[in-house]
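Just below is one structure, and these are the notes that go with it.
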Amino acid sequence: MSESVQSGVRPGNGVRSGDDVHEHHGGFPVFTPVQAGPNYGEFVESLRRLQDLAVSTHLPDDVVDDAIARVNALSDMLEPHRVSEGKSPAGFNRQLPGRGSLLLLPWLFEKVEVDGIRSRGVFRLFHRGGNSAAHGGTIGLLFDDMLGMIVYASGHPIARTAYLHVNYRQVTPLETELVLEGRVDRVEGRKLFCTAELRDLDGTVLADCEALMIELLPGQP
Ligand SMILES: CCCCC/C=C\C/C=C\C/C=C\C/C=C\CCCC(=O)SCCNC(=O)CCNC(=O)[C@H](O)C(C)(C)COP(=O)(O)OP(=O)(O)OC[C@H]1O[C@@H](n2cnc3c(N)ncnc32)[C@H](O)[C@@H]1OP(=O)(O)O
């Protein structure tokens, strides 16, 4: 987000070029990229492991009490370091799984180009919906976050998702490497029509989507 917001939009696909003026990104604030420290990725991964365990254990009550005390102690340690949006490395570090965000799927981008993007990763235990399959909402999250990156990579100003139509074609497995690809298909004024597919390593489409992204007007949140 920060690259796009701060240094502007890269030209591509015949869309407006030289759009590196902040006003072209709606009402988004100017963020200065926050680089993660060398151990930040490990910190986020440790928290993901904790989430995996939180949904895949059955703990005795005394262990739960002990866990509450320890987690609260950890939170107390972090609390004094709270910062406002855009001042944390979370979500801003593309070299880290899920850009270093605990919210996002811990996937890594392999290709971020004008004609489309590709990322790779796994759904974790804490993404389980039922019967060992990924929760449908987490697949929507994966697609929606990718759409922001597609718009960014294609050289358009910041856009928001007006609709996201997901087709669930096959059950999506957990803890299995998968590949996601997407691109802007066509542009009508502010409207960017995008598509993306989630595939397994055999190339089977597990889910695909069609989405409308709308470039923000000046001042739009
Ligand atoms: C250092 C490393 C950096 C790492 C990070 C790098 C990159 C980061 C990644 C990404 C890049 C950067 C930034 C990304 C930032 C943000 C992405 C955010 C994505 C989201 O946050 S996603 C959240 C869910 N999303 C919403 O929260 C949207 C809520 N919503 C609205 O904010 C408005 O709704 C809005 C603005 C969408 C439109 O509002 P509006 O008033 O401007 O436009 P209006 O309604 O007039 O529509 C104009 C034309 O679209 C048609 N139209 C509209 N809606 C339609 C629909 N549903 N179906 C069919 N057609 C539709 C109309 O019919 C008309 O069509 P026509 O012009 O032909 O008449």
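Given the structure is predicted, the values throughout are model-derived calculations rather than measurements. Every number for a ligand or one of its atoms is a count from 1 in the order of the listing.
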Against heavy atoms of Y163, which atoms of ligand 1 measure under 4.0 Å?
56 (C), 57 (N), 58 (N), 59 (C)
A162 heavy atoms, cut-off 4.0 Å: which ligand 1 atoms fall inside?
54 (N), 55 (C), 57 (N)
By number and element, which atoms of ligand 1 are closer than 4.0 Å to a non-hydrogen atom of I158?
13 (C), 15 (C), 16 (C)
In this structure, would L142 and V44 fall into the same cluster of hydrophobic residues linked by side-chain contacts under 4.5 Å?
no
Element-labelled atoms of ligand 1 that are located less than 4.0 Å from some non-hydrogen atom of L216:
36 (C)
Can an N or O of R94 be found at a distance shorter than 3.5 Å from an N or O of ligand 1?
no
N/O to N/O below 3.5 Å, does that happen between Q220 and ligand 1?
yes
Does ligand 1 come near enough to R190 that some N or O of the ligand is less than 3.5 Å from an N or O of the residue?
yes
Go through ligand 1 atom by atom and flag the ones less than 4.0 Å from a non-hydrogen atom of F28.
15 (C), 16 (C)
I want to confirm something. Looking only at heavy atoms, which of H165, K191, R160, E188 is nearest to atom 27 (O) of ligand 1?
R160
Which option, D144, V151, L164, L212, owns the non-hydrogen atom nearest atom 61 (C) of ligand 1?
L212
Indicate yes or no: does E197 engage R183 in a salt bridge with an N to O separation below 4.0 Å.
yes
Can you list the ligand 1 atoms lying under 4.0 Å from a non-hydrogen atom of F92?
1 (C), 2 (C), 3 (C), 4 (C)
Does a donor on one side chain sit under 3.5 Å from an acceptor on the other, for Y40 and Q35?
no
Look only at interatomic distance and state if T161 has a nitrogen or oxygen under 3.5 Å from any nitrogen or oxygen of ligand 1.
yes
Mind checking whether L141 and L212 sit in one hydrophobic cluster, side chains of I, L, V, M, F, W, Y counted as touching below 4.5 Å?
no
So, does A159 sit close enough to ligand 1 that a heavy atom of it is under 4.0 Å from the ligand?
yes
Of all heavy-atom pairs linking D144 and T161, the shortest is OD1-OG1, 2.6 Å
Might you work through the side chain to side chain contact (heavy atoms under 4.5 Å, CB included) test for R120 and E181, ending with a clear yes or no?
CA-CA 9 Å; R120 190 179 288 265; E181 288 182 291; over 6 Å; no
Please step through salt bridge (Lys or Arg N to Asp or Glu O under 4.0 Å) for the pair R199 and D208, ending with a clear verdict.
CA-CA 9 Å; R199 290 189 173 86; D208 54 47; over 6 Å; no
Mind checking whether L174 and W107 sit in one hydrophobic cluster, side chains of I, L, V, M, F, W, Y counted as touching below 4.5 Å?
yes
Looking at A211, G148, P157, the heavy atom closest to atom 10 (C) of ligand 1 belongs to G148
Quick check on the hydrophobic clustering: are I117 and V184 connected, directly or via other members, by side-chain heavy-atom contacts under 4.5 Å?
yes
Does one hydrophobic cluster hold both I214 and M146, with members joined at side-chain heavy-atom distances below 4.5 Å?
no
Atoms in ligand 1 flagged as close to R99, the criterion being non-hydrogen separation under 4.0 Å:
4 (C), 5 (C)
